[in-house]
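Some notes on the structure that comes next.
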Amino acid sequence: MHARPLVAAVAGTAALFILSTAHGAPSIAAVDEAPELTESELADVDQAGLELPGARASSATTFEANGSSLTDRVSNLPSLLRAPGAQTAPGAQTQGSSATATNMSGAYGSVSQTTEDGITIAGLTDSIDMPDDGLGIVGLVYDEHSDVRFEIRTKQDGQWSNWSELQSDEGEEGSPGTDPYYVAGAQSAQVRILGDGWEPEGTRVLLVDPERRDSDAEAVQDNVPVAPQQPAEQQESDDSPGLLDDGSAGTAARQMTYVPGDATAAQPMSESVKKTDKPKIRSRDDWGADESIGSTDPAIADEATAAVVHHTAGANDYDAEDVPAILRGIHTFHVEGQGWDDVGYNMFADKYGRLWEGRAGGLSKAVVGAHAGGYNTGTFGISVLGTYESKAPPQKTLDAVSGAIAWKLSLSGTSADAKTTVAGERMRTVIGHRDVGTTSCPGDAFYSALGGRALHRRRDAGG
């Protein structure tokens, strides 16, 4: 048994706890390099945090960004987010400005505990110090789901960023919580909870310091970006005319040609799909997964016939050498923070076009992940490091995702431009997380690059 210290800051005090796991004692070096997880209770609005510049600033994540006026957007907000008597003040979207509103009392607190566009601030942290090297993972866990919004912002070079949504994770394991949000190059972070339906009991803010290692640079250097998938020739079926959609002849008429960003380019497939070459994928050992925590013996499905595409959450300005540490941080957040068996995704891709193994069990197997609640069995979850609401990942990343999906689905003889049945529902074989969950993942821009509406699941029996 080994013990790992966990510092929990509660009501301005710090207490030292010991987390013990019965997985054998690691080496001294492993303990020194292991990610450090700290947690603090979040049960109210921190007054010092409320006084930080922009703490009460409005956010695009509290309403639909549909081009309507601010007043219209506030009036259309669900009642659980709109504080009674709140009035929108001119210039309410200016960070750090003071807004005028009708005074409130009782359960909703004073006007200072609302955003500048009148949304109740139910919970707010003070400034959270990031690790000295500026790389950390932040998120929340809680006892039960609530109808509220979680948001996060970071401070870099003395300037606070805008507030961004910190989406809830619909995992099937452990405690409910938000996605882990990684921070690269920032000095501080702040988290807030918006809405009137929040039950604070059991809400904790988690901070993971993934601890950089000298081996991270080597792991990145040896992991070359994935080349664009090249179609492999395949024997035509006897009843096949051997023609592509444009009418041209060729032996490649029945091959997988799915390319993210151009779903209409995918060609029809025969019932027999030829296996695609496996792309280069760095192992868990390469990014430094701590196999002494969680489990490496996952459930295995008969086959995986659908791919669910995700983005993680966090800054897009990470360096290549940050990636192994980020993966260690997400792994620690999922296992030690939320109590999952292992990291949720089956595979990761980074913005540099590199692929990394996720959940243990063997990439060639249909490992059941924890990436899409209710749809984990029979699917393959791949997540791109970054946030892609306004801009899609680079083409080299799309190529990597395409190559990984083409290979993985070919193992079960599945076309990337077909339909399948998962959890009793008919759906496309390549979908975004939002198609099977209440989330915007993998981001509007990324989702559009995947073919957008063409990938929506179909609930009717005929598909």
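Numbers for residues simply follow the sequence, beginning at 1.
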How long is the straight-line distance from [atom2] of [Y] back to [atom1] of [X], given to the nearest 0.5 Å?
X	Y	atom1	atom2	result
D126	L52	CG	CG	6.0 Å
N316	K391	CG	NZ	8.5 Å
D209	T332	CG	OG1	10.0 Å
I326	L135	CD1	CG	5.5 Å
C441	Q167	SG	CD	7.0 Å
T154	Y181	OG1	OH	5.5 Å

[X]/[Y] ion pair, N-O < 4.0 Å:
X	Y	value
R212	D322	yes
R56	D117	no
R284	E357	no

Heavy-atom side-chain contact between [X] and [Y] under 4.5 Å:
X	Y	answer
F446	V309	yes
V141	L206	yes
M347	I382	yes
L207	I137	no
H331	I293	yes
L42	L140	yes
S383	T312	yes

Between the main-chain N or O of [Y] and the side-chain N or O of [X], is there a donor-acceptor pair closer than 3.5 Å?
X	Y	answer
S412	L409	yes
T429	A306	no
T397	P393	no
Q190	R153	no
D46	L124	no
K408	K365	yes
T125	V191	yes
S410	T276	yes
Y375	V308	no
Y318	K351	yes

With no hydrogens and no angle check, just 3.5 Å: does a side-chain donor-acceptor pair link [X] and [Y]?
X	Y	result
D196	T120	yes
D290	S292	yes
S59	E151	yes
S402	D399	no

Using the six-membered ring of [Y], assess whether NZ or CZ of [X] lies under 6.0 Å from its centre and within 45 degrees of the ring axis.
X	Y	answer
R282	W356	no
R328	W287	no
K396	Y352	no
R434	Y447	yes

>> Taking the six-membered ring for Trp, are F150 and Y142 closer than 6.0 Å centroid to centroid?
In response: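 Here the rings of Y142 and F150 have centres that are less than 6.0 Å from each other.
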> Would E389 and S440 count as a side chain to side chain donor-acceptor pair (under 3.5 Å) if you check the C-alpha gap in whole Å, the side-chain angles of each, and the deciding distance to 0.1 Å?
Replying inline: CA-CA 8 Å; E389 294 292 348; S440 65; 2.8 Å; yes
> Which of these passes ring-ring contact (aromatic ring centres under 6.0 Å, His included) with H371: H433, H310, H334?
Replying inline: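 The option that passes is H310.
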> For K280 and L355, what are the C-alpha separation, side-chain angles and deciding distance, and is it a side chain to side chain contact (heavy atoms under 4.5 Å, CB included)?
Replying inline: CA-CA 7 Å; K280 183 176 179 63; L355 294 173; over 6 Å; no
>> Run the side chain to side chain contact (heavy atoms under 4.5 Å, CB included) test on S175 and D143 for me, step by step, so that the C-alpha distance in whole Å, both residues' side-chain angles and the decisive distance to 0.1 Å come before the verdict.
In response: CA-CA 7 Å; S175 301; D143 290 344; 5.9 Å; no
